[in-house]
Chemist: 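Would you mind keeping the following structure in view while I ask a few things?
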Amino acid sequence: MPSPTLPAPLRGVTKQLNRSITQALGLTEAVTLRRTDPTSVDAPLTAGPVLVIGQGEDADAVAHHLHDAHLDVRRNLAAPTQQRWGAVVVVLTDLDAPGEEAERVLALGATLRELARCARVVTISRAVGEGDAPATAAARAGVSGLVRSLGKELRQGATANGIELAAGVAVTDPAALGTLRFLLSARSAFVDGQLLPVTGPGRAPADWTRPLVGSVVVVTGAARGIGAETVRVLARDGAHVLGVDVPAAGEALAHVMNEVGGVALQLDITSPDAGERLLERVARGPFNGRLDVLVHNAGILRDKLLANMRPEQWEPVIAVNLAAQVAVTTAVAQAHPGLVQVSLASTSGIAGNRGQTNYGFSKAGVIGATQAWAPVLAAGGGRANAVAPGFIETEMTASIPTMQREISRRVSSLGQGGKPVDVAEAVAFLASPQAGGINGAVLRVCGQNLVGR
Amino acid sequence: MTSTTPTPSATSPDTSAVVRPSGTAVVVGGNRTPFAKAGGHYAGASNLDMLTTVLDGLVARLGLAGERIGEVRAGAVLNHSKDFNLAREAVLGTTLAPTTPAVTVQRACATSIEAAWDLANKITLGQISSGIAGGADSTSDAPIVVSERLRHTLLKLNRARTVPDRLKLVGQLRPADLAPVAPNVNEPRTGLSMGEHQALTNLQWQVTREAQDAVALASHTQLARAWEDGLFDDLVTPFRGLTRDAALRADTTAEALAKLRTVFGNDHPEPTMTAGNSTPLSDGAAAVLLASPAWAAEHGLPALARVVDAEAAAVDFVHGQEGLLMGGAYAVPRLLARQGLGLDDIDLVEIHEAFAGVVVATTTAWADTTFCSEKLGLPALGTLDTDKLNVAGSSLAAGHPFAATGARIVATLATLLARRKAALIADGGSPDTPVRGLISVCAAGGQAVAMLLEA
Amino acid sequence: MSRDGEWIGDWLDEPGAETAERASAASDAVPERIETLAAVPNPGAVYLGALGRAGRAIVTTSSLTTSLPDVALRADLTLDRERLDAYAHLVGERALDTAPPGFVHVSVFGLQLALMGRGDFPLPMLGMVHVANRIEQLRPAGVGETLTATTWARRLVSRPVGDGMGTQVDLVTEVRAGGELVWQGVSTYLARSTQISGLTVLDRPEHPEFVAPTPTGGWDTTLRLSKDYAAVSGDRNPIHTSRLAARGFGYRSTIAHGMDTAARALAALGPRRGDAFTWSVEFAAPVLVPGRVAVGVERRDDVDPADGGTRAGYALTVWDPRRGRLHVASTLAHA
């Protein structure tokens with residue numbers, strides 16, 4: 001019964017939908033995704049042995065690194081007995097012309113039936129660079145199409161993602177290896193069909209499982225949902241966290257911050273002195289003036305069709321989600337020029353969403369600001385990136401009508417909504433030193449949602 | 001290391017572990033719930049719930065999770081017998097280290113300022129280096145007791161051995177004996193409510209309705225402005241969905257206050273006391289952290305203001321010698337005399353507004369030469385500049401959960417003094433110029449506690 | 001365009017390393033048929049309905065069916081402020097804006113009862129013994145939040161009881177806020193004298209000799225407390241509140257609610273409980289009322305054997321200090 005009211009791109013999923021809706025709206029998840037066990041972070045890193053496909057120095061270096069990380073690394077395409085592949089890494093850094101990829105891609109294809117649940121496919125290739133020969137550019141660009149298509153073919157929680165190394169970045173640089181680790185690990189459970197550009201070397205953390213030890217991170221909107229979960233993951237990764245939220249959310253904020261031994265600051269980030277007050281608090285104990293990372297998570301929704309939109313729906317959304325971020329970073333970056341900024345964008349800011357002209361404006365604006373901050377903060381040794389969540393199950397999305405919510409869940413390659421922790425993991429990764437080679441990027445955490453570019 | 005020679009650090013005394021009398025205790029930070037109306041937002045919350053929550057909010061604000069504090073000293077005025085160890089029970093429910101000792105104290109409405117004073121003294125003596133003073137009170141969760149007759153009968157029933165004996169005892173009970181007895185905040189000695197006592201004091205000091213309403217109006221407008229200015233962002237954590245003090249009426253006017261009917265002293269010729277110029281019954285909790293300057297520095301936390309001195313007074317209200325709530329008229333002049341200070345040396349004054357009349361009568365007494373010389377043997381303090389008085393509002397607008405009020409005032413005043421000092425320095429003033437604040441909290445039983453803070 | 005046409009196939013359904021895990025996940029799945037109720041039924045009304053149902057002996061004899069109803073019951077609910085306050089103060093928790101895990105249990109208990117009270121439920125509702133309970137809390141549920149609870153039954157198995165065979169069943173309840181799973185409980189009930197043929201037979205559980213830990217506390221049980229718990233939980237099973245009824249079921253006196261005892265032991269842990277955890281409870285022997293029990297709180301590094309023994313947390317034990325008899329063995333494993 002294809003519903004005529006469904007937009008065209010969704011008709012393909014009506015069968016699934018109908019089944020699930022008759023099955024009591026199918027609130028059970030397609031596959032329980034493999035997520036980080038807080039009592040055993042990154043151990044094991046993958047769901048099974050890792051196959052590294054490719055020959056040459058780069059593939060060897062990747063294999064050696066993963067071996068040193070205590071992974072069961074194989075170079076032999078034969079399936080491991082009694083086990084399934086936890087991950088397949090395809091090294092394509094040497095592609096110079098279309099056609100050179102064929103053997104490796106087809107070898108990858110032969111492994112797909114042997115993937116474990118929530119396995120990972122990760123390509124490592126070179127980004128198209130200025131002055132690339134047309135054939136080289138063609139081969140390099142082709143990889144992204146491969147990854148995005150493969151993401152849509154994989155089942156059982158498996159994901160396909162790629163790393164695009166800029167010229168001058170070696171596969172052995174901490175940023176390349178750190179990104180690879182992130183994509184292999186349970187931390188990237190809901191990241192699918194994404195290509196992460198690595199443009200700098202990054203820095204290896206002293207402890208890969210607690211990469212933020214000693215660093216001070218400020219998280220806005222920390223009292224609930226994604227913000228609260230981000231606080232927990234950052235603390236798990238070793239950070240000292242200053243959680244910020246509006247005074248009215250103070251009780252929940254205090255609870256979250258006490259749970260992780262952090263500090264609560266009741267502050268409306270839209271107030272003119274917000275940056276100053278934030279700096280004042282950071283100047284005190286237990287931070288004593290240190291500030292490494294600023295996570296702009298605070299955001300509000302005031303959905304309305306534009307025809308019905310009033311100033312009280314438009315203005316606060318722009319003020320909280322966008323203007324306040326710019327103002328706060330402007331103030332904070334003066335005092336901490338090496339600031340690492342991670343902002344929460346949204347797939348609504350990329351693809352747009354009916355009823356969310358205000359929210360879409362603010363979140364597209366966040367992406368613009370991120371790209372503008374990137375070179376500015378890089379000059380001081382910092383960086384700016386954004387995380388764009390897709391459909392995430394939170395108190396906020398709980399208010400969406402059931403049917404629409406169900407559709408939103410099902411239109412991703414992983415066939416489900418994400419969890420706040422999935423976004424938190426991506427934020428924590430971008431906050432970490434090994435993500436130092438990623439700047440000005442937008443990392444989607446959407447389970448490869450069909451919408452958007 | 002193979003050398004057997006102890007390293008220098010192992011032989012030299014660990015000075016950080018030795019607490020030496022620092023001679024100074026400072027206020028570091030505070031927290032309170034918004035104050036609710038009796039039977040309102042916090043109707044189901046116990047004193048223990050509120051005190052625990054307020055301590056947790058303080059811990060989160062200052063980053064003290066897992067920290068062992070030298071002492072938590074707190075109490076409630078209307079206390080259940082099961083909460084006999086309220087402060088320690090509260091500590092065990094917080095994220096403070098469970099090894100934090102605690103003392104449950106009670107000095108009526110001066111409970112938490114008394115606690116702050118005690119802690120300041122221990123810190124000054126070097127016995128502890130940090131302490132949290134606090135209080136919680138819920139008129140909604142006040143202990144309901146059974147009547148004396150029922151209590152006696154129940155005790156006898158316990159001892160009675162035969163069924164006829166028991167039936168006989170039960171037969172002696174009257175229906176009225178079975179009704180629960182609500183808590184009574186009347187003065188046990190006089191049987192008068194505090195309001196009736198204050199009505200007498202108002203008569204004696206000729207406190208007018210207009211003067212009382214003016215105090216109430218100022219309290220509401222100034223508290224509202226402080227909320228708008230964000231003063232309480234760092235002093236209050238919301239609780240159970242209440243984000244601001246429930247009694248606060250930001251839009252009240254002199255006309256509205258003038259229209260209220262009188263509730264106390266109605267058998268006097270011209271009653272003046274209304275619900276507008278008397279504090280509402282309230283629920284809430286407050287806490288304030290005090291520490292040695294070294295502890296504060298070590299934790300990277302601010303020394304908002306120093307606790308300079310404090311003085312308690314008690315008056316003989318039983319024999320009609322003095323008004324019940326006039327203790328502040330004694331404690332404050334004695335405190336200032338000991339410190340060699342006059343009202344002009346004080347930048348901010350906080351007088352707990354149990355009733356607006358308390359503020360008017362107390363300040364009138366300070367200015368009264370006859371009163372000061374006859375009752376205190378001291379020169380009059382002079383007239384208080386009302387611009388210095390309760391600049392961020394007080395109990396009339398905020399509400400007054402009995403045991404919480406002292407901690408609310410100490411934390412608020414310390415914050416105000418620290419800001420004033422920072423502004424002074426920003427304007428090119430000398431960091432050596434003291435900014436002083438004075439507190440007067442009257443309490444049941446004819447008592448009062450005064451405290452002097454300095455930033 | 002059907003996405004099905006593009007599916008690679010069922011290659012992941014081949015037997016593999018995760019078979020066992022997937023098998024258990026499959027039986028955890030919500031039944032296809034879901035009945036949505038207007039609200040979580042009032043347990044008292046369900047009991048009365050059960051008691052009043054003519055023509056069906058619900059106490060000792062089994063019903064006509066021998067399999068579990070393939071249906072789940074679902075209802076929206078919000079946690080009640082006043083009831084939460086009363087619950088928290090009764091079991092010794094702080095009354096916060098979020099609920100202790102045991103309060104969520106009592107708030108959805110009516111759904112469990114309604115399922116067990118159905119005509120097609122194979123076991124007699126009254127007289128079933130709560131033998132174990134496992135709650136996974138992903139985050140605390142808040143007062144006023146709109147929650148959806150779904151309850152279904154699974155794992156109907158035979159199990160030795162004394163000299164005979166009894167039948168045991170798991171009642172699974174999921175509580176979600178929107179789509180977000182917040183709380184999941186599995187309550188295991190045993191019908192001591194109902195035997196259904198053809199079910200999987202569990203081994204007789206091994207009971208290692210109980211060695212009492214160091215007590216860290218204790219409390220007196222009274223009929224008054226039982227009645228208060230019955231009022232706040234809605235679990236007015238007369239076995240807890242009437243000596244006569246308790247005797248009818250073979251007990252010397254009334255017995256405390258298992259989840260009351262467990263909740264008091266959990267409250268003894270205080271704020272160290274944290275926000276995300278698995279709370280597993282086994283009810284070894286009923287707590288007779290009135291009496292006195294001891295509780296022991298012990299920190300452990302490998303608290304929950306069900307999770308491979310890797311999670312840190314606490315063991316919370318309740319026993320009779322005079323007889324040295326175990327009542328409740330429970331663990332709290334941090335997520």
Side-chain angles (χ1 to χ4, degrees), chain A residues 216-220 222-224 227-228 231-232 234-235 239-291 298 324 395, chain B residues 28-29 31-34 41-42 45 49-50 52-67 93-97 130 226-244 285 287 289 291 295-304 418-419 422 426:
Chain A
V216 172
V217 183
V218 173
V219 179
T220 66
R224 300 195 169 84
V231 168
R232 292 187 189 106
L234 290 166
H240 292 295
V241 188
L242 173 62
V244 179
D245 215 313
V246 290
E251 189 180 7
L253 179 68
H255 186 85
V256 170
M257 300 320 297
N258 279 344
E259 195 193 328
V260 301
V263 175
L265 176 64
Q266 298 182 163
L267 171 67
D268 180 348
I269 54 162
T270 61
S271 66
D273 63 345
E276 197 185 317
R277 286 197 49 207
L278 214 157
L279 288 171
E280 251 174 46
R281 187 61 193 89
V282 165
R284 292 182 184 160
F287 313 116
N288 299 318
R290 183 165 173 175
L291 172 54
E395 288 171 51
Chain B
V28 173
N31 186 42
R32 69 176 175 95
T33 66
H41 277 81
Y42 308 161
D49 290 333
M50 290 195 293
T52 312
T53 302
V54 96
L55 290 175
D56 261 345
L58 185 65
V59 167
R61 178 163 299 140
L62 302 177
L64 300 176
E67 186 90 17
T94 66
T95 45
L96 285 172
S130 62
W227 273 110
E228 287 309 312
D229 292 349
L231 174 68
F232 297 114
D233 286 359
D234 288 332
L235 288 167
V236 177
T237 306
F239 182 50
R240 294 197 175 208
L242 185 63
T243 56
R244 285 197 179 187
L289 175 70
W295 187 96
E298 199 181 306
H299 288 75
L301 294 170
L304 297 173
R419 291 192 177 186

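Chain naming here is simple, since letters A, B, ... match the order of the sequence lines and numbering starts at 1 in each.
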Chemist: Mind telling me whether B:Trp227 and B:Phe232 have parallel, tilted or perpendicular rings, with 30° and 60° as the class edges?
Modeler: tilted
Chemist: In terms of heavy-atom pairs under 4.5 Å, which option from B:Val236, B:Thr33, B:Thr94 contacts chain A the most?
Modeler: B:Val236
Chemist: Does any heavy atom of chain B fall under 4.5 Å from the side chain of A:Asn258, the backbone, both, or neither of them?
Modeler: both
Chemist: Heavy-atom pairs under 4.5 Å with chain B are the metric here; pick the option from A:Gly250, A:Gly261, A:Gly243, A:Ala264 that has the most.
Modeler: A:Ala264
Chemist: Most heavy-atom pairs under 4.5 angstrom with chain A, which of B:Asp56, B:Leu58, B:Leu301?
Modeler: B:Asp56
Chemist: Among B:Gly63, B:Gly66, B:Pro238, B:Ala65, which residue has the highest count of heavy-atom pairs closer than 4.5 Å to chain A?
Modeler: B:Pro238
Chemist: Could you tell me which portion of B:Arg240 (side chain, backbone, both or neither) has an atom closer than 4.5 angstrom to a non-hydrogen atom of chain A?
Modeler: backbone
Chemist: Using a 3.5 Å distance criterion without hydrogens, assess whether the side chain of B:Asp233 forms a donor-acceptor pair with backbone atoms of A:Pro247.
Modeler: no
Chemist: Within the structure provided, determine whether A:Val216 and A:His240 are in side-chain contact (heavy-atom separation under 4.5 Å).
Modeler: yes
Chemist: For A:Ala248, does its backbone N or O pair with a side-chain atom of B:Thr243 as donor and acceptor, under 3.5 Å?
Modeler: no
Chemist: If you count heavy-atom pairs under 4.5 Å between each of B:Leu64, B:Leu242, B:Thr95 and chain A, which one has the most?
Modeler: B:Thr95
Chemist: Quick one: are A:Arg232 and A:Val256 in side-chain contact, heavy atoms under 4.5 Å?
Modeler: yes
Chemist: Roughly how far, to the nearest 0.5 Å, is the CG atom of A:Leu234 from the CG atom of A:Leu242?
Modeler: 12.0 Å
Chemist: Using modelled atom types only, decide if a donor and an acceptor are shared between the side chain of A:Asp245 and the backbone of A:Leu253 within a distance under 3.5 Å.
Modeler: no
Chemist: May I ask you to list the residues in residues 279-286 of chain A that approach chain B closer than 4.5 angstrom, counting heavy atoms only, ordered by number?
Modeler: A:Arg281, A:Arg284, A:Gly285, A:Pro286
Chemist: Keeping B:Arg61 on the side-chain end and B:Asp234 on the backbone end, is there a donor-acceptor pair under 3.5 Å?
Modeler: yes
Chemist: Evaluate the side-chain proximity of B:Glu67 to B:His299: yes if any heavy-atom separation is below 4.5 Å, no if none is.
Modeler: yes
